[in-house]
Amino acid sequence: MSGTITGGARHRAAGGGVNRWIVLVVLCISLLLVALDATVLHVAVPSVTEELRPSGVELLWIVDAYPLVCASLLILFGTLGDRVGRRRVLMIGYGLFGAASAVAALATNPEVLIGARALLGVGGAMIMPATLSILRAVFPDRRERAMAIGIWTAVAAVGAATGPVLGGFLVEHFWWGSVFLINIPLMALILPIGRWLLPESRGGTDGPWDVLGALMAAGGVLGSVLGVKRLGAGDTVLDVRTVGPLLLGGLLIALFVRRQKRREHPLIDMRMFARATFSTSVGCIVLAMLALVGLELIAVQYLQLVLGLSPLETGLRLLPLTFAAMAAGATGSHTLHRIGPRRMVGWGFVLTAAAVMLLILMGQHDRPWLLTTGFVLLGFGLQTTLFAAYESMLSEAPPDQAGGAAAIGETSYQLGAGMGIALLGSVMNAAYAPSLLGLTGVPGPARSAAANSLGEAYQVADRLGGASGEMVRTTARHSFVNGLHVALLVSAGLLLLGALAALRLPRVMECPTVEKRPRPRRPEVSLPASREPVEATGSGRTAH
């Protein structure tokens, strides 16, 4: 697919170095919006549990609907942007994101909140691939692009840092729905700025748009993760509610891959996965996000429900993690150029695994220095890995397939986040529930309710009162901490697996020289710039 940047926007975004960086600022604000919403709800989970009384499965869906729907639709909207214009899809995504935020803020039951979070996922799927593909188009030089991606990933860390703190402040002073209202003023700011500054760009438009293939990919992702969620809720592998979605999801993904290989104009060129650097980078993104988001959600519950911190205090405790991630993103370009992708990704995974093993020392009592040290190592290690993997993936993809590569990268990011919550949540539930279900002297319905989550166990303990209530509370706290330790061990194993996978990445960062096109003498324009698309060069440069 050949990229195009259309109209007068090419003069604003593609011509000079300064304008490229202005475009990056706008793209980073867009990413900030999506990253903020991915974490802002985490500190509000106990408040949502108390007010809406969701079941264990509903609570998982409230948190997980956004990243999973987003991951499912990234390929669909990424390729749609290639056809109709990435900025156009981006603007629609902004509007949908704002409307869904208002619905979520006013939700009065779990079903409405889950639906609003799913709608937010649709908006996020429109926003995310457009930002990365536009970034790839306006930064053709790899060293400049590495610096831009470093800033881009650091902004994601800023969103992760701002989300829990801002969410904690709002929950503490208002109500849990207020965490969604912060999207609306941000949307009001970014819509006119993006419409004015961002270049309109398109990818290849050859051949028909494979709508069926995009829907198959979406169904495959949703089916696979739904099966994992059912396992996390306590269903057995042979349960039809578990094995059905898993088989259907796997079948749809296999059919999607087969369909793309046979089509003359596929949505995703599967030959990219034959490149070791590209496929390894994608796998590393999935593993890194699996560890980050799953551990962050568990850590939030630990800080609030075990240590008894307020939502605002919880957000502040997580700041070292996100500030360390910001530092890793800001210095990533220099580090990558100095040590190369293989060592940067591999040592990032090893550092993260060491941080996870350190956090196993967490117990029933608060140990601030231990938590701070672990969170700093965790944030720096994971962001180092994510930066190098993203940069390697995007640089390995051919310039004319930047849209497809961006969709794959963002799908990996969101899929890893969703699978992390589902997988580590499943491990937690498997380690947590048996002790509660086996309690003697507690009614059966109360035992079942307490086994759903630690927050629900506290509610059961308050209703029972006396010795029975105290027994439920104490057992639940100990079981949660034990489950946390098991989840951390599983996460450390996956991170070390990622370190081994990184051995397939190249040793050095190759920076081919970007040949500069001479500027044409004036006057030489035969058609109005506002009407005629300008074809990008084969190296991904935008036209002057």
Side-chain angles (χ1 to χ4, degrees), residues 146 149-150 153-154 156-157 160 276-299 318 320-362 367 369-393 395-396 409 412-413 416-417 419-420 423-424 427 484-509:
I149 292 176
T153 53
T277 299
F278 186 88
S279 58
T280 301
S281 298
V282 170
C284 289
I285 291 171
V286 172
L287 284 172
M289 287 308 301
L290 189 152
L292 176 61
V293 177
L295 289 177
E296 187 175 57
L297 180 61
I298 293 172
L318 292 173
L321 185 153
T322 45
F323 283 153
M326 289 165 56
T331 59
S333 177
H334 174 76
T335 306
L336 182 63
H337 181 66
R338 189 174 183 85
I339 69 174
R342 180 184 299 179
R343 282 184 287 181
M344 189 168 179
V345 173
W347 283 112
F349 271 126
V350 170
L351 180 61
T352 308
V356 168
M357 295 300 291
L358 178 65
L359 290 175
I360 291 179
L361 298 176
M362 292 187 300
R367 304 177 70 180
W369 288 109
L370 171 68
L371 293 176
T372 300
T373 302
F375 286 164
V376 167
L377 295 176
L378 185 68
F380 193 89
L382 275 174
Q383 193 65 22
T384 296
T385 295
L386 278 173
F387 168 82
Y390 256 115
E391 200 283 334
S392 299
M393 179 209 71
S395 296
E396 182 70 11
S412 304
Y413 184 98
M419 291 294 289
L423 177 61
L424 295 186
V427 171
L484 173 62
H485 292 165
V486 174
L488 288 171
L489 284 172
V490 171
S491 180
L494 292 172
L495 291 166
L496 292 176
L497 181 64
L500 292 176
L503 296 175
R504 302 182 68 212
L505 293 173
R507 289 180 177 272
V508 297
M509 174 185 176

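A 4.5 Å side-chain heavy-atom check between Leu488 and Leu484 finds at least one atom pair inside the cut-off. The shortest side-chain heavy-atom distance between Val376 and Leu321 does not fall under the 4.5 Å cut-off. Under the 4.5 Å side-chain criterion, counting only non-hydrogen atoms from C-beta, Leu382 is in contact with Leu495.
Scanning both residues, Ala288 and Thr385, for their nearest heavy atoms gives CB-CG2, 4.2 Å. Contact detail for Leu336 and Ala388: the closest heavy-atom pair is CD1-CB, 4.2 Å. In plain terms, the two heavy atoms of Cys284 and Gly498 that are nearest each other are SG-O, 4.3 Å. The two residues Ala325 and Gln383 come nearest to each other via the heavy atoms O-CG, 3.0 Å. The shortest heavy-atom contact between Ile285 and Ala389 is CG1-CB, 3.8 Å. The minimum heavy-atom distance between Leu370 and Met362, with the atom names listed, is CD2-N, 3.9 Å.
Residues passing the side-chain hydrogen bond (donor to acceptor under 3.5 Å, both in side chains) test with Arg338, sequence neighbours excluded: none. Residues that satisfy the side-chain contact (heavy atoms from CB on, under 4.5 Å) test with Ala499, not counting sequence neighbours, are Phe349, Val350. Thr277 meets the side-chain contact (heavy atoms from CB on, under 4.5 Å) test with Ser281, Ser392, Glu396, Leu505, Pro506; sequence neighbours excluded. Take Leu351 and apply the side-chain contact (heavy atoms from CB on, under 4.5 Å) test, not counting sequence neighbours, and it matches Leu377, Phe380. Scored by the side-chain contact (heavy atoms from CB on, under 4.5 Å) test, Val286 finds Ser412 as partners (sequence neighbours excluded). Every ring-ring contact (aromatic ring centres under 6.0 Å, His included) that Tyr390 has, sequence neighbours left out, goes to Trp152.
Listed by first and then second residue, the salt bridge (charged side-chain N to carboxylate O under 4.0 Å, His left out) pairs that reach into residues 379-391 are Arg142-Glu391, sequence neighbours excluded. Residues in residues 494-504 take part in these side chain to side chain donor-acceptor pair (under 3.5 Å) pairs, two or more places apart or across chains: Thr280-Arg504. The stretch residues 345-361 participates, sequence neighbours left out, in no side chain to side chain donor-acceptor pair (under 3.5 Å) pair at all.
Rounding to the nearest 0.5 angstrom, the gap separating the NE2 atom in His334 from the CD1 atom in Ile339 is 9.5 Å. Atom CG of Leu378 is separated from atom CG of Leu371 by 11.5 Å, given to the nearest 0.5 angstrom. A distance of 14.0 Å separates CZ in Arg343 from OG1 in Thr384, rounded to the nearest 0.5 Å.
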* Report the C-alpha distance between Leu489 and Ile360 in whole Å, list the side-chain angles of each, state the deciding distance to 0.1 Å, and finish with yes or no for side chain to side chain contact (heavy atoms under 4.5 Å, CB included). => CA-CA 8 Å; Leu489 284 172; Ile360 291 179; 3.5 Å; yes

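Of the possible donor and acceptor atoms, none in the side chain of His485 sits under 3.5 Å from a partner among the backbone N and O of Leu359.
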